[in-house]
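Remember, predicted model here, so these are calculated numbers, not experimental data. When a ligand or atom number is given, it counts from 1 through the structure's own listing order.
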Amino acid sequence: MQLDDLYRQVIMDHYQHPRNRGTLDEGAISVDLRNPSCGDEIKLQLLVDGGVVKDVRFLGSGCSISMASASMMTEAIKGKPLEEAVQLAHTFRAMMRGEDVDLDQLGELEALQGVRKFPARIKCATLAWQALERAASAPEGGRVEDETFGD
Ligand code: FES
């Protein structure tokens with residue numbers, strides 16, 4: 001199997017069987033973020049306790065890349081210190097900008113690097129990660145709504 005096919009399979013699996021889809025109860029940090037290019041949205045919720053991401057959920061409407069990226073992100077950060085989750089977001093976004101990054105840190109998230117060939121879709125892949133970075137700078141139990149992001 002070609003590597004591209006493997007990557008495509010990983011992305012489609014997360015799109016068709018999203019992990020951590022849903023909402024969390026009160027006390028979670030909640031971020032609503034819109035991709036200005038297409039209007040698609042994500043709601044990301046994090047339950048942070050003692051600086052650790054105890055739980056994470058997302059809802060959204062968007063293309064396969066945005067929803068797969070969100071699903072993969074939630075799996076990658078659940079149970080991690082928030083600081084590490086933010087570091088991972090920086091590394092992921094650097095990969096999407098074409099920078100040289102340590103791919104070992106990214107695990108199956110590497111599957112999304114092929115999206116770089118389609119610059120218009122890069123925002124799709126980074127939508128959930130931008131939401132994560134905003135969530136990380138919100139106070140615990142905080143809410144960030146109706147945000148859009150740039151590059
Ligand atoms: Fe809207 Fe991908 S086309 S997030």
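- At least one side-chain heavy atom of M95 sits less than 4.5 Å from a side-chain heavy atom of R116.
- Closest to atom 3 (S) of ligand 1 among all protein heavy atoms lies D40 OD2, 3.5 Å.
- Near S66, the atoms of ligand 1 lying under 4.0 angstrom from a non-hydrogen atom of the residue are 4 (S).
- Looking only at side-chain heavy atoms (C-beta outward), F118 and C124 stay at 4.5 Å or farther from each other.
- Heavy-atom contacts of C63 reach the following atoms of ligand 1: 2 (Fe), 3 (S), 4 (S) (cutoff under 4.0 Å).
- Atom CG of residue L112 and atom OG of residue S69 lie 5.0 Å apart, to the nearest 0.5 angstrom.
- Evaluated for a side chain to side chain contact (heavy atoms under 4.5 Å, CB included) with L44, the options V56, N20, L33 yield exactly one hit, V56.
- Among the backbone and side-chain atoms of C124, an N/O/S atom is found under 2.8 Å from atom 2 (Fe) of ligand 1.
- Remark: the Y7 side chain and the E110 side chain contain an N/O donor-acceptor pair separated by less than 3.5 Å.
- Near N35, the atoms of ligand 1 lying under 4.0 angstrom from a non-hydrogen atom of the residue are 4 (S).
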